[in-house]
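Read the structure below first, then the notes.
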2 protein chains.
Amino acid sequence: MSDHIKRFKKIIQKLRENHHKITPQRLAIVKILAQSKGHPSVENIYGKIKQDFPTMSLATVYRNIVLIKSLGEVLELGFPDGSNRYDGNKPYPHPHLICIKCKKIVDPDLDSLDDMKNEVANETGFKILNHRLDFFGICSSCQEEK
Amino acid sequence: MSDHIKRFKKIIQKLRENHHKITPQRLAIVKILAQSKGHPSVENIYGKIKQDFPTMSLATVYRNIVLIKSLGEVLELGFPDGSNRYDGNKPYPHPHLICIKCKKIVDPDLDSLDDMKNEVANETGFKILNHRLDFFGICSSCQEEK
DNA sequence: TTTTCTGCAAATGCTTTGCATGGGA
DNA sequence: TCCCATGCAAAGCATTTGCAGAAAA
C-alpha cells in the first residue's frame with residue numbers, strides 16, 4: 001500500500017476515533033493533505049476542491065485544518081506573511097528547504113538535529129518540545145534560469 | 001565601549017550613509033533595537049517609547065523597522081500569529097530558543113549549523129542563502145512553577 | 001527651501017467566528 | 001432524530017498605505 005494511501009486511512013481513522021463526521025468536504029481535504037507532496041497552501045487546497053465541488057467554502061478548509069492539526073495529523077509550516085503551507089505526510093517536525101523563487105518546499109535528509117537539540121537543552125536548561133528548521137535558497141531549476 | 005552602544009552607533013551611521021534623516025522617533029526606535037536583549041516586539045517598542053513620547057505612532061515603528069531591516073541591521077523573527085520579534089544586536093541568522101510559556105527568547109551557542117547547511121546544499125543542489133532555526137520549549141524558571 | 005518623515009485613519013489580506021441551514025450517523 | 005458541519009458574511013488583527021502637515025538638513 002502506498003504511503004499516501006496509508007496516511008489517508010490513518011487520518012480518517014483518527015477522525016472516526018474522535019467522533020468527527022466524515023463529510024465529502026472533509027474527505028476531499030484529507031485526501032489532498034495525505035498526498036501533499038508539494039506542501040500545499042490553504043488556497044491550493046481550496047482551489048483544487050472547488051473544481052469538482054463549487055460550493056466549498058474557504059472557512060471549511062480552515063476549520064478542517066485546525067481540526068486535523070489538533071489531532072496531530074498535519075504539520076503547519078506557518079510564515080509571517082500568511083503564506084502557510086501544510087504537510088499531511090510527515091506531521092512531525094522536520095527540516096525544510098524552501099526555494100525563494102518558485103516557492104517549492106522539499107524535505108532534505110538530515111539527522112544531526114537530535115544531537116543539536118540535546119546540546120541546546122543541556123546548555124540552557126530548557127525542556128525542548130518542538131523545533132522548526134528552514135533553509136531558504138534557490139533550487140537547481142531556478143538557478144538555471146536567468 | 002559596550003556592545004549595544006556599538007550597535008547603536010553602527011545603525012545610526014548606516015542611516016546617515018544612506019541619507020535618511022535622524023528624527024527623534026527614529027533615534028528612540030534604534031536605541032531600543034540596539035539594546036534589544038529580550039528580542040522586543042513592535043508593541044514593546046511602541047509602548048516603551050510612548051511613555052516619554054506620547055504622540056509616537058505605531059505606523060512609525062513599523063516603517064522604521066522596515067527601513068532598518070532593508071539596511072540589514074535588524075533580524076526579524078516572524079511568527080505566523082503576528083507576534084513578531086526583533087533582534088538589533090545580532091542582525092544575522094542564528095538559532096533561537098523560545099519559551100512557549102513566558103515567551104522569552106534566548107540565543108543558544110551552536111556552531112554545527114554550517115556543516116548542516118553544506119550537507120543540505122550538496123544533497124539537493126540548492127544554493128542556500130538564509131536559514132531559520134527555532135527550538136520551542138519550557139525555560140528553567142517556567143519549569144519550576146506548577 | 002526642499003524633501004523626507006510623521007501621525008492619523010482607512011485599507012489590506014489572511015484567518016476566525018456567529019448564525020441559520022443542511023446533512024452524517 | 002440529533003448534533004455536528006457547512007456556507008456565507010461579518011469580525012479580528014497585525015501590518016501597510018494615502019495624505020496633509022511637520023520638521024530634518
Side-chain angles (χ1 to χ4, degrees), chain A residues 11-33 39-71 74-86 103, chain B residues 11-33 39-71 74-86 103:
Chain A
I11 299 174
I12 296 295
Q13 174 201 337
K14 230 8 183 332
L15 285 165
R16 286 197 208 282
E17 277 171 9
N18 290 274
H19 314 295
H20 298 290
K21 296 176 178 171
I22 308 299
T23 64
Q25 293 92 329
R26 191 159 279 170
L27 215 55
I29 293 166
V30 171
K31 198 163 291 179
I32 292 178
L33 286 177
H39 305 77
S41 65
V42 167
E43 277 301 331
N44 287 159
I45 297 170
Y46 174 65
K48 274 188 204 165
I49 298 177
K50 193 130 206 197
Q51 291 173 4
D52 338 77
F53 206 137
T55 68
M56 163 65 71
S57 136
L58 250 186
T60 296
V61 180
Y62 278 108
R63 276 190 280 235
N64 275 287
I65 286 182
V66 168
L67 174 64
I68 299 168
K69 237 192 324 178
S70 77
L71 300 174
V74 70
L75 177 71
E76 181 175 60
L77 286 179
F79 296 94
D81 68 344
S83 62
N84 294 2
R85 306 275 290 260
Y86 296 87
K103 311 299 177 192
Chain B
I11 298 174
I12 297 296
Q13 176 201 335
K14 227 15 182 327
L15 285 166
R16 284 196 208 284
E17 276 171 11
N18 288 275
H19 314 295
H20 298 290
K21 297 177 179 173
I22 308 300
T23 65
Q25 293 92 329
R26 191 160 280 171
L27 215 56
I29 293 166
V30 171
K31 199 164 288 177
I32 293 178
L33 285 178
H39 305 78
S41 65
V42 166
E43 276 301 332
N44 288 159
I45 298 171
Y46 174 66
K48 275 187 203 167
I49 298 178
K50 192 131 205 195
Q51 291 173 3
D52 336 78
F53 207 138
T55 68
M56 164 64 72
S57 136
L58 250 186
T60 296
V61 180
Y62 279 108
R63 276 191 279 233
N64 275 287
I65 286 182
V66 169
L67 173 64
I68 300 168
K69 239 193 320 178
S70 77
L71 300 174
V74 70
L75 179 71
E76 181 175 61
L77 286 178
F79 295 95
D81 69 344
S83 62
N84 294 4
R85 306 276 288 263
Y86 296 87
K103 312 299 177 194

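A quick note: this is a predicted structure, and the numbers were derived from the prediction, not measured. Just so we're on the same page: letters track the sequence lines, and every chain starts at 1.
A heavy-atom distance below 4.5 Å is found between the side chains of Leu67(A) and Leu15(A). Between Asn64(A) and Val30(A) there is no side-chain heavy-atom pair separated by less than 4.5 Å. Side-chain contact check for Asn84(B) versus Val42(B): every heavy-atom pair is 4.5 Å or farther apart.
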Pairwise N/O distances under 3.5 Å, protein to nucleotides 22-25 of chain C:
from: dG23(C); atom 1: N2; to: Lys21(A); atom 2: NZ; distance (Å): 3.0
from: dG24(C); atom 1: N2; to: Lys21(A); atom 2: NZ; distance (Å): 3.4
from: dA25(C); atom 1: OP1; to: Ile22(A); atom 2: N; distance (Å): 3.0

Taking only nitrogen or oxygen atoms into account, show me every contact under 3.5 Å that the protein makes with nucleotides 10-14 of chain D, one pair per line with its distance.
from: dA14(D); atom 1: O3'; to: Gly82(B); atom 2: O; distance (Å): 3.3

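Atom-to-atom, CZ of Arg85(B) to C1' of dT15(D) comes out at 18 Å; the value is rounded to the nearest Å. Distance CG (Leu77(B)) to P (dT15(D)): 13 Å, rounded to an integer number of Å. Remark: P of dT16(D) and CG of Asn64(B) are 13 Å apart, rounded to the nearest angstrom. We find that CG of Leu27(B) is positioned 14 Å from P of dC5(C), with the value rounded to whole Å. Between the P atom of dA5(D) and the NE2 atom of His19(A) lies a distance of 12 Å, rounded to the nearest Å. Ile65(B) has its CD1 atom 9 Å from the P atom of dT16(D), to the nearest Å. Here the C1' atom of nucleotide dA25(D) and the CD atom of Glu17(B) are 17 Å apart, to the nearest Å.
At the heavy-atom level, Arg26(A) lies under 4.0 Å from the strands shown only through sugar-phosphate atoms.
Between the CD1 atom in Ile11(B) and the CD1 atom in Ile68(B) there is a gap of 6.0 Å [rounded to 0.5 Å]. Here the OG1 atom belonging to Thr60(A) is positioned 6.5 Å from the CD1 atom belonging to Ile29(A), to the nearest 0.5 angstrom.
Shown here are the side-chain contact (heavy atoms from CB on, under 4.5 Å) partners of Arg85(A), two or more places apart in sequence or in another chain: His39(A), Ser41(A), Leu77(A), Phe79(A), Lys103(A), Ile105(A). Checked against side-chain contact (heavy atoms from CB on, under 4.5 Å), Lys14(A) has the following partners two or more places apart in sequence or in another chain: Glu17(A), Asn18(A), Leu71(A), Glu73(A). For Ser83(A), the side-chain hydrogen bond (donor to acceptor under 3.5 Å, both in side chains) partners are Asp81(A), not counting sequence neighbours. Residues passing the ring-ring contact (aromatic ring centres under 6.0 Å, His included) test with His20(B), sequence neighbours excluded: none. The salt bridge (charged side-chain N to carboxylate O under 4.0 Å, His left out) check on Glu43(A) picks up nothing, with sequence neighbours excluded. Checked against salt bridge (charged side-chain N to carboxylate O under 4.0 Å, His left out), Lys21(B) has no partners two or more places apart in sequence or in another chain.
Across the helix from dT1(C)-dA25(D) to dA25(C)-dT1(D), the helix axis at one end is tilted relative to the axis at the other end by 30° (nearest 10 degrees, each axis from five pairs).
Considering only side-chain N and O atoms, Gln25(B) lies nowhere under 4.0 angstrom from the phosphate OP1 or OP2 of dA23(D).
Proximity of residues 44-59 of chain A to DNA chain C (heavy atom under 4.0 angstrom from any strand atom) is restricted to Ala59(A).
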Contacts table for residues 45-55 of chain B: side-chain donor-acceptor under 3.5 angstrom, sequence neighbours left out:
from: Tyr46(B); atom 1: OH; to: Lys50(B); atom 2: NZ; distance (Å): 2.8

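Shortest non-hydrogen contact noted between Ile65(B) and Val74(B) is O-CG1, 4.2 Å.
Among residues at least two apart or in separate chains, salt bridge (charged side-chain N to carboxylate O under 4.0 Å, His left out) pairs with a member in residues 62-71 of chain B are Lys69(B)-Glu76(B).
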